[in-house]
Protein chains: 2
Amino acid sequence: MDASGRYIARYELSRIFSPELLAALRLRRYDPGAIIIRSGDPVDEVLFFVDGRAKAYSTLDNGQRVLASFYLPFDAFGEAELFSSERYALTIEAITESTCLCLSAAALLGAAPSNHRLLAYLCGRLGAKLNDRFTAESINLRYPVERRLASYLLASSDDGGIIAADDLGDLADYIGCSYRQLSRVVRDFRARGILSGRRGGLTVADRSALEPLAGDLYTRSASVPPRVGRRLGVLERDDER
Amino acid sequence: MDASGRYIARYELSRIFSPELLAALRLRRYDPGAIIIRSGDPVDEVLFFVDGRAKAYSTLDNGQRVLASFYLPFDAFGEAELFSSERYALTIEAITESTCLCLSAAALLGAAPSNHRLLAYLCGRLGAKLNDRFTAESINLRYPVERRLASYLLASSDDGGIIAADDLGDLADYIGCSYRQLSRVVRDFRARGILSGRRGGLTVADRSALEPLAGDLYTRSASVPPRVGRRLGVLERDDER
DNA sequence: CATACGATAGGACATATGTCCTATCGTCGC
DNA sequence: GCGACGATAGGACATATGTCCTATCGTATG
């Protein structure tokens with residue numbers, strides 16, 4: 001079994017891709033800092049993110065940057081533009097060594113009639129991204145930085161307190177404030193014992209102190225497991241008759 | 001031909017829906033102010049918006065509101081949650097008398113294998129909504145209210161200068177500022193001759209003065225016509241053989 | 001080990017914006 | 001026509017935040 005095959009098995013891709021499309025997946029590796037998708041390029045493929053960490057962002061005409069999302073596997077890149085644009089809207093960059101399974105847009109579009117499961121999966125991902133994005137936006141637009149950071153920390157720290165973004169500049173671009181203001185709030189959180197970690201590192205030391213600050217902001221949007229897997233299982237049983 | 005049939009013809013819905021699903025569409029009318037979809041309700045149907053004007057919003061725990069979108073026909077409601085959630089994320093309310101063609105979620109999910117065109121259409125709409133939402137968010141998060149309003153006015157005023165939102169409170173919730181600050185900027189724009197119209201009304205009187213304020217913020221995200229219609233035309237020819 | 005560079009940190013000051021209040025206007029219903 | 005109510009408008013004040021600057025730290029490279 002080659003590298004593609006291992007990822008296909010790990011993420012059970014045969015459940016949503018037809019054999020024809022499975023065979024058309026091509027493995028590609030990226031170094032840290034490499035550009036996976038460049039904003040403005042023609043939409044010529046969809047990438048399935050199977051290993052590493054990545055981020056998507058856009059740069060505005062005032063030179064400021066807005067960071068749309070941090071990604072962990074399994075996810076799709078370029079699917080938002082596939083049926084609606086000719087050019088990619090965002091730049092996606094590898095944070096760590098990363099791996100994608102790449103599929104040409106032409107192959108996917110040509111095989112659409114026999115890939116309703118993949119289309120349903122993409123609908124599910126896009127819907128979840130839209131709702132998650134809107135929630136984050138609402139928080140960032142309407143709450144002070146203290147609450148934005150608290151919400152972000154609660155949503156993205158793991159059991160050990162380590163958070164996904166390890167670059168304060170990126171984090172400021174994600175929650176939509178200046179580095180300076182984020183620095184103030186981080187300093188305050190450290191003074192209150194909420195955050196620990198050496199200079200620049202962010203480790204959540206006291207989750208319970210974050211909860212009243214964050215309220216129910218992020219948990220309100222929690223998505224349940226994708227419906228497609230459950231419902232289309234019924235179709236699979238019908239096919240077996 | 002009944003009312004459903006007229007909308008089906010107007011929007012050429014037979015091009016993306018199978019006959020089975022076309023037959024399952026049910027027409028429903030809403031009064032101004034009526035709730036079309038309520039946040040938190042179970043996801044039991046998808047609605048296709050065929051007449052009127054509507055808005056989608058969410059209310060935060062600090063009592064503030066964030067307005068996600070204004071809608072004109074043709075559009076879909078509830079599709080974002082269909083494959084990813086059990087409950088609707090947003091409330092959608094009719095601004096004017098409105099009409100939807102409603103489709104039960106169960107029917108749509110059951111007929112997914114024979115509706116790849118509809119799935120592709122939904123992917124396209126979701127992708128476009130995600131990109132448009134992100135653009136609006138970036139502007140609202142990173143630019144002062146003056147520029148936000150200028151961008152909004154450029155994007156949403158028609159040739160006669162009439163804009164889609166006729167309620168300043170809604171507009172403030174959409175661009176993410178207080179009514180007070182919006183009021184200041186509107187006053188300034190009136191004093192500069194950019195806006196005209198009686199108290200509360202917003203009519204763009206001088207588009208060219210808006211352009212330097214807005215820059216290329218909204219036009220940068222302009223989407224081309226949906227790819228699905230063009231590309232799937234090829235599939236239709238194949239089927240005819 | 002020394003240097004360079006990028007990331008982090010904090011001071012000083014300005015301002016865009018929000019909150020809270022009072023006043024006015026326009027529409028609707030009686 | 002009158003009164004009620006919701007939308008609009010603007011004053012006063014406070015503050016969260018951004019800009020711009022200087023200083024320090026940590027890491028990589030020669």
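Every chain is numbered from 1 and lettered A, B, ... according to where its sequence line falls, protein lines coming before strand lines. Please read all numbers here as calculations on a predicted model, not as lab measurements.
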- Message: What I'd like to find out is whether the side chain of Tyr88(A) reaches to under 4.5 Å of the side chain of Ser39(A), using heavy atoms alone.
- Response: no
- Within this structure, what is the CG-to-P distance between Leu168(B) and dG6(D), rounded to whole angstrom? 17 Å
- State whether the side chain of Arg148(B) and the backbone N or O of Asn140(B) hold a donor-acceptor pair below 3.5 Å, judged by distance alone. yes
- Note on the structure: Leu149(B) CG to dT17(C) P, in whole Å, measures 11 Å
- Message: By nearest atom, which of the nucleotides dT19(C), dG18(D), dA16(D) is closest to the Ser178(A) side chain?
- Response: dG18(D)
- Query: What integer distance in Å separates Leu171(A):CG from dA9(C):P?
  - Reply: 12 Å
- Heavy atoms under 4.0 Å, any strand shown: does Gln64(B) hit a base, just sugar-phosphate, or nothing? sugar-phosphate
- Query: Ignoring hydrogens and geometry, is there a side-chain-to-backbone donor-acceptor pair from Arg147(A) to Leu213(A) under 3.5 Å?
  - Reply: yes
- Query: Whole Å only: how far is the OH atom of Tyr143(B) from the P atom of dT17(C)?
  - Reply: 14 Å
- Roughly, in whole Å, what's the span from CG in Leu141(B) to P in dT17(C)? 12 Å
- Item | With Phe49(A), the side-chain contact (heavy atoms from CB on, under 4.5 Å) member among Phe74(A), Tyr30(A), Tyr71(A) | Tyr71(A)
- Note on the structure: side-chain hydrogen bond (donor to acceptor under 3.5 Å, both in side chains) filter on Tyr57(B), not counting sequence neighbours, yields Glu93(B)
- Query: Rounded to the nearest Å, what distance is computed from the CZ atom of residue Arg148(B) to the C1' atom of nucleotide dG18(C)?
  - Reply: 12 Å
- To the nearest Å, how far apart are Leu202(B) CG and dA9(D) P? 8 Å
- Item | Full working for salt bridge (Lys or Arg N to Asp or Glu O under 4.0 Å) between Arg65(A) and Asp170(A) | CA-CA 9 Å; Arg65(A) 207 175 59 154; Asp170(A) 279 349; 2.4 Å; yes
- When every non-hydrogen atom of Ile35(A) is compared with those of Ile37(A), the smallest separation belongs to CG2-O, 3.3 Å
- Query: Roughly how many Å is it from CG in Asp188(A) to C1' in dG10(C), rounded to a whole number?
  - Reply: 14 Å
- Arg190(B) side chain N/O closer than 4.0 Å to the phosphate oxygens (OP1, OP2) of dG10(D)? no
- Item | Members of residues 179-186 of chain A that approach DNA chain D, where some heavy atom sits under 4.0 Å away | Arg180(A), Gln181(A), Arg184(A)
